[in-house]
A.B. asks: 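Have a look at the structure that comes next, please.
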Amino acid sequence: MAGIVACVLLSVVTVVNSQVQTAFLEYMQTRMGSLEERIAQWHDHSNRYSSELRDFKNQVLKMLENIEKERDTVRNEMENTNVRLDRLEREVDYLETQNPEPPCVDIDTKLTELHQQKKKKKEKYEKLTDCSDTISQVNAMKILKRFGSNAGLWTKDPIGNSEKVYVFDGAGNDTVFVFSRMKEFTLSSSTRKVPRIKLPYPWIGTGHIVYGGNLFYIRQDEEFQVIKFNLTTKTIVDSAVLPIEQQVPVYGLSKFNYIDIVADEEGLWVIYATKENEKNICLAKLDPGNLGIEQMWDTPCPIENAESAFVVCGTLYVVYNTKLPSRSRIQCVFDVSGTISSEHVPIVYFPKRYGSHSSMKYNPKEKQIYAWDDGYQILYKLNMKPRDELY
């Protein structure tokens, strides 16, 4: 009995061992097949990479050959150029020996600029518009509020449909306050939440103007410079040094103003004064595109006791006061076309206010003057009439 059991157990063990060996062999065959497939893939990738590297090498070699050819070409061109330059120098030397040198004449650039200025003063001005109105009286005055220091400027852009109000506090600063409309400006009690624009350079005086989306203002470095600053992109569009020398304050009662930029129906104007003509105010037409001076005039309007000025329809109106502020008045008129003069225009008085005007900016679209009077912002409504009625 024991022998039979032993035989059975031996048979079972033999069968089990045989099955295990068979499974192990199948597993090893499967793993070997997988390894062979991976090795084949690796060989394929290696062959492809080798082929690509060989192609890249050929391309690089071709590029190097082309570069070498181009270098040789450039070298030959340079050698030819040197030969031609040598020949040209010999020919110039020969011409100089055959022809005597002309006398040297030095032209003073200052004299040239002076000649150009005098030429511009003699030219006849041709108006760009058919505007022919003149101021008969100040029809109304509206005091909006008190904002900031005694000297300053506030204005609107006369070009386009923008209702924004721009406020420049002080006679020297670099920050512009921007109000979306007049109502916002009049109702504001603080500037903490008011949008503002930081300028790249501070301005001098209150002689700046907003025109066509750009701010034109005066910067003083070694010379007085006009800066054209775009208020949308907040970048400098252009700048120019005015061909004016030895500036003096243009208004006798506003010693901080050397150059005033104003606008009217004709465009932009520059009001200034120089030591050459230190008793009277000068006027120039400014091109807003390239900041060039188109024409210049010496006016008969005295600087003494002048507090501000503006231009309407190509006519300069100078506002005078006294050192102890009283009623401001338009007492001198200069028309660039020569059709009217001070004797034909009656003296126009402004209503009594607080002190004296630090700035007066005429808006040709609204026929109003934006004035800054001892920190108060004032609107003057003008009553206009045709020039023919003056005679």
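Values reported hereafter were calculated over all heavy atoms of this structure, with side chains retained and with hydrogens, waters and symmetry mates removed. All figures in this text were calculated on a predicted structure; none of them were measured in a lab.
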A.B. asks: Can you confirm if the aromatic rings of His357 and Phe310 lie within a centre distance of less than 6.0 Å?
C.D. replies: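 Centroid separation for Phe310 and His357: 6.0 Å or greater.
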A.B. asks: Measure up the Tyr380 and Phe350 rings against each other and bin them: parallel (under 30°), tilted (30 to 60°), perpendicular (over 60°).
C.D. replies: perpendicular
A.B. asks: Does Arg196 reach the main-chain N or O of Thr191 with its side chain, forming a donor-acceptor pair under 3.5 Å?
C.D. replies: yes
A.B. asks: Around atom NZ of Lys142, are there more than 12 heavy atoms from other residues, nucleotides or ligands closer than 6.0 Å?
C.D. replies: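 It does not: Lys142 NZ has 12 such atoms or fewer within range.
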A.B. asks: Hey, is Asp335 close enough to Arg387 for a salt bridge, meaning N to O under 4.0 Å?
C.D. replies: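 So Asp335 pairs with Arg387 through a salt bridge.
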A.B. asks: Do other residues, nucleotides or ligands put more than 12 heavy atoms under 6.0 Å from the NZ atom of Lys279?
C.D. replies: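 Check fails, neighbour count at 12 or below.
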A.B. asks: Charged N to carboxylate O under 4.0 angstrom, Arg219 versus Asp174?
C.D. replies: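 No salt bridge links Arg219 with Asp174.
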A.B. asks: Less than 4.0 angstrom from a charged side-chain N to a carboxylate O is my criterion; do Glu68 and Arg71 meet it?
C.D. replies: yes
A.B. asks: Check this for me: does any side-chain nitrogen of one of Arg75 and Asp72 sit under 4.0 Å from a carboxylate oxygen of the other?
C.D. replies: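 Counted as a salt bridge, because a side-chain N and a carboxylate O are separated by less than 4.0 Å.
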A.B. asks: When Trp203 is tested against each of Phe229, Phe168, Tyr217 for ring pair (Phe, Tyr, Trp, His ring centres under 6.0 Å), which residue passes?
C.D. replies: Phe168
A.B. asks: How are the rings of Tyr27 and Phe24 set relative to one another: parallel (under 30°), tilted (30 to 60°) or perpendicular (over 60°)?
C.D. replies: tilted
A.B. asks: Got more than 12 heavy atoms from elsewhere within 6.0 Å of CD, Glu304?
C.D. replies: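 Not buried by this count: 12 neighbours or fewer within 6.0 Å.
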A.B. asks: Are more than 12 heavy atoms from other residues, nucleotides or ligands located less than 6.0 Å from atom CZ of Arg48?
C.D. replies: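 Counting neighbours around CZ of Arg48, more than 12 heavy atoms of other residues, nucleotides or ligands fall under 6.0 Å, so yes.
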A.B. asks: Let me see the working for Lys228 and Tyr211 under side-chain contact (heavy atoms from CB on, under 4.5 Å), right down to the final yes or no.
C.D. replies: CA-CA 10 Å; Lys228 182 180 179 182; Tyr211 188 83; over 6 Å; no
